[in-house]
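Just the heavy atoms: all of them, side chains too, but no hydrogens, waters or symmetry mates, feed the values below. Within every chain, numbering begins at 1; the chains are lettered A, B, ... in the order of the sequence lines, protein sequences first and strands thereafter.
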Amino acid sequence: MSSPFTERKLDNLHWPLVLSTAIICALGIWNLASATRNWVAPLWQAQMFAMAMGAVAIAFFLFVDYRWLSSLAWPGYVLVLAMLLAVVARGKTVLGAKRWLSVGHWQLQPSEFLKISIIVLLARFFAKDETGLRKGQYGLIDLWRPFALVLLPVALVMRQPDLGTALVTSFVAMTMIMFAKVRWQSLTALVLGGAGAAVLAWNKGMKQYQKDRVLTFINPQQYAKKQGYHSIQSVIAVGSGQWSGKGWGEGTQNQLRFLPEQHTDFIFSVWAEEHGFLLSLTLIGLYAFVVLAALDVAAKARDKFGSFLCIGVAGLFFWHAFINIGMVTGILPVVGVPLPLFSYGGSSVIVDLLGIGLLLNVSLRRFMF
Amino acid sequence: MMLVRREADDIREIRPRAALGALVVVCAMLVLVVRLYQLQIVRGDEYVAQSLSNFRKSLPVPADRGVIKDRLGRVLVDNRPSFDVYLTPAFCKGKEKDEVMARLATYLKMPPEDVDRMRREYARAAAAPREQLETSKPYLVALDIPRDGVDVLEGHRNELSCVDLIPSPHRAYRVGQSLGHVLGYMSEVTPDELDEHSDEHADYHRGQTIGRRGIERRWEQELRGKDGKEAFAVDAKGRRLEEAMNELLIPPEERLVPASSGNNLVLSLDTALQEAADKAFPGRAGGVIVMEAQTGFILAMISRPSFDPNQMSGRISRTEMARLFSDPLKPMINRVMNENYHPGSTFKVVTSLAALEKGILNRSGTLFCNGGYTLGNHRWRCDKPSGHGALTLKSALQYSCDVFYYTLGDRLGIDPIAEMAHKLGYGQPTGLDLGRDIPGVIPDSQSLIKAEGTYQKYHAINASIGQGDINVTPLQQAVAYAAIGNGGTIFRPQLVRRIESPDGKVLREFAPQIVAKLGIKPQNLALVQAGLTAVVNEPGGTAYRSRLSDVIFAGKTGTAQVVKLGSKQKLDPTQTAYMSRDHAWFAAFAPAVKPEIVVVVVSEHGGWGADAAAPAASKIVEAYFALKKDKEQEIAKASKTLPPVLVSRVAAAPLPPEPQLAVELSTPAPDLQWALQKRRSARSAAVEAQAAEQASAPAAEDANAEADSSREPEEEETAEATAGPVDKEPRSAQPAVAPGTQVARAPLAQPMNEEPRPVPQEPPAAQDPAQNPPVGQATPEPRTQSAPAEPADASPETKAANLAPPAGGN
């Protein structure tokens, strides 16, 4: 295997992607420093450390051909599943949710690693030759395996409970399925099945606070009194940013802690409040660029595995960014979804950077036959 | 290779989907951008305002309520520093909450109902919608806790993280129960009142207090002041930010809007006289009123039983409150103005005047009392079964013969009696500035026909001695007797002399208000006055035992029958015996000629007026003149030993100068002098008095004497007191200006406006209400025009000359 760091290959590195990712990371640190300005713990340093780890991981990963990952799909999946079960058994409970696993000094959030594991596993599944299929297209029966593989860990995540991660993981999986050759009848059935699953989840699986969030979103007037507080304060924060924002560290909604969870789920509100419309637009543009670049790399990948990996990563970034920003601006219900590379959280940051690493790897090897 | 090519084809198939995906991504991101534009640009201002109001909290800075003083500036009601205990639910939750509440209950020795209330309030705050931040708002747990409670809480500060001690002014009533009804009390505005959205409660908010009853209620708007506002920044938990942050976030001019204190009230009450009256009044229940006969200003007012305003304004328990309201003696009713009594024999003056004015009785006319009066088959008895024999009006009043008045009533019919009663102010509210007073009941033939379907002679016979359906209030009695004593002027009774700003500037001065002039022939009034004087001062008079050695006063006893109580009232026998005893009345004015004060005493179930009411009235009259003499001596003493400035201070009593004082004190020996003075012409009397004034009290404050001129229509007022450096303005240019005619005075006072007088230290304009008569105040207009306006020289002096001379000295 040749080194990717020969001159020619460095040229092939997707530099715009590297640059935009670096910018997002830098802005994320800067913003996190404001969100946690008066805190005792310097969270932005921990975040920077996670990013450094992610960057190192990317650098090493670039030496390896991504196709090697295909063989890691199953072991990785089993490992994540084991970790999720471990969370159920002896996880750390924070704010009523059991999501974290203590590994020595570290707090791991296995549900984050689930996302990347699902992407790799589904990419491996869809990379297989479809010649055995009828008319070369997937039917519902052909898809039972990926569904089962996704639903099992997602169910565990729902139990934690972590509706946001469960939702995003499902969405990412669905996105990848959409890009595979699936019969339209099957797609229709999928949508219906999804609706049925939602009803089932509503009646059996969801906690009251999760239901309240959805109800709040559907009928904000009625639920505004109890559950709408987060949403209202976030919208106030965003709206009061106006054109150019209140300035770094000057956002009253953020600094006086009217914003809930301002360092994780509501980090975008901090950005919008302190830096205003124009820079919020810039940030959305950066995310859009990453997603579009991922789709571009997917379209130009040399094999289906790489292509589906990129589609998975595109889905990862798109759904996270869209749901998170939609949530803090009040057009989507409040579900706990982090904003990639902005929200505080080591596991999330490393997974996002691993995703970027996948894109770079696929992009780097698109001409290698 | 084959496989690779197939894959390449597959990837080529992915491309259109990727393009579609890209389109979806761009659209989704555009949705976000549009939403951001809507929030940040279109509605940005709105959200900026919301984010501001998020961290801006403002608390009212309570204004100091105005002080209430008596006529000499003695403080009756003021504010004292105190501490209230507040609890902020947001800062103690769960288990800590229960611990804190248990500790508070112990430390403050809270009664169970207060503990319940504390828990209820907590639950209310906790149940409120979160964005209202109700849990961050401190709520009141205990009002005005005692000093040792403050110490205990301070000592346990660390265990009570969510508890705050807030300093706040509380109302302090310096006098006991005797002024409860006059002053009223304070209590918290109820949620119902706030919900009414009436004008009265428009700018009140939860937790504020409002005046209840009496002066506190009637003058709420003057006393209240205006609360200030303190704005500060809080974090999301409602906690105050540190000062540096605060200064950053709140503009300096908005941080503190200071409160402005309420205005002070100076009442016409005399605390010393009030105390004397309270001591003199013997009954368990009843009322006393002492009023200036020539102005209508009230000097003392007692309604017994009463309540303690301090207790009512504090945390009074519900059971205590229930006890007050269910007490059969009705301590919450101001008997002086809001209770109906039969006037009994005190009403005979009305019958007398009606008969005199109708011409069916004259000075020398007599009627015969044989011990009873028979009409049809009913016989009304007289108090003296053997009969009084032949009686003139004077002796009829003196002995309080009933048969004399039965006869008059029979001859008059009820309507002339009712007409005279209405003239004297009965049957209508007096208009006292203390809230509403009841009108009483004066029946006439029409109202009787309407109510009972018939009018019979016995109605008039009962009415003639103040029984039957006749009901009056003690206040009406005072007004009527003042009018009889002062020569026929019905005054509106008043309690407030002036309103002062917190720094002592006079904002509004209340002049005597004449409601009507009676228009009764002076000789007729004089006959009644003579009769009333005989009651006290001539042997055989019903109140002869209550006469005073150095003051000749006039009055009338009354013994009002009480409607017998049925057994259904379920009172124990001792109560029944008490409840069925007669009410004792005494209505008096003193001195008998040209009276200064009128005293009305009603002792519920006191029995005979002569025994239960007259002695009290007599003591009050005695006390009034004794107090006057004391003050006079004090001034005289001071003028000998102290420099003039200090003398003026003695004369003026505490802080604000008391306008009337100088004049009162300059009056020569009170009683028998009147007989002499009435024969002098007004002018020469004024000159004399002025000379006497200058000799005896040279230091009395000029401003005082002058302010007085708007109220006290007596000749002494013109006596100019000339204090050292104060120049002598053309005050002497109006000696003996027709006293008693308020209308005529104002124009005369006008020219003095042209040159403000330099009074040292104090702004002259504010000091001198006579020069600046408040519009609509200085010139009271008669409410009824039925009485012809008196000519300017028909002063009380000249009228007094027409009266029958008072009976000889004691």
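No other option in A:D296, A:V238, A:T175, A:I311 has as many heavy-atom pairs under 4.5 Å with chain B as A:V238. Ranked by heavy-atom pairs under 4.5 Å with chain A, the list B:V26, B:V33, B:V31 is led by B:V33. Listed options A:A321, A:A272, A:G315 were ranked by heavy-atom pairs under 4.5 angstrom with chain B; first place goes to A:A272. Between chain B and the residues A:V235, A:L281, A:V291, the most heavy-atom pairs under 4.5 angstrom are made by A:V235.
Applying the side chain to side chain donor-acceptor pair (under 3.5 Å) rule to B:S187 yields the partners B:R212; only residues at least two apart in sequence or on another chain are considered.
The backbone N or O of A:M178 sits less than 3.5 Å from a side-chain atom of B:R17, completing a donor-acceptor pair.
Proximity to chain B involves both the backbone and the side chain of A:I325, based on heavy atoms less than 4.5 angstrom apart. With a threshold of 4.5 angstrom between heavy atoms, B:V42 does not approach chain A through any atom at all. When heavy atoms are compared at a cutoff of 4.5 Å, A:F289 does not approach chain B at all. Only the backbone of A:A180 comes within less than 4.5 Å of a heavy atom of chain B; no side-chain atom from C-beta onward does.
Minimum heavy-atom separation, A:W243 to B:Y37: CH2-CE1, 4.4 Å. Of all heavy-atom pairs between B:L36 and A:S280, the closest is CD1-CB, 3.6 Å. Heavy atoms only, all atoms of each residue included: B:A22 and A:L292 are closest at CB-CD2, 3.5 Å. The shortest non-hydrogen separation linking A:A288 to B:M29 is CB-CG, 3.9 Å.
Taking CD from B:E46 and OG from A:S240, the interatomic distance works out to 11.5 Å, rounded to the nearest 0.5 Å. Between B:L23 atom CG and A:L295 atom CG the span is 11.0 Å, to the nearest 0.5 Å.
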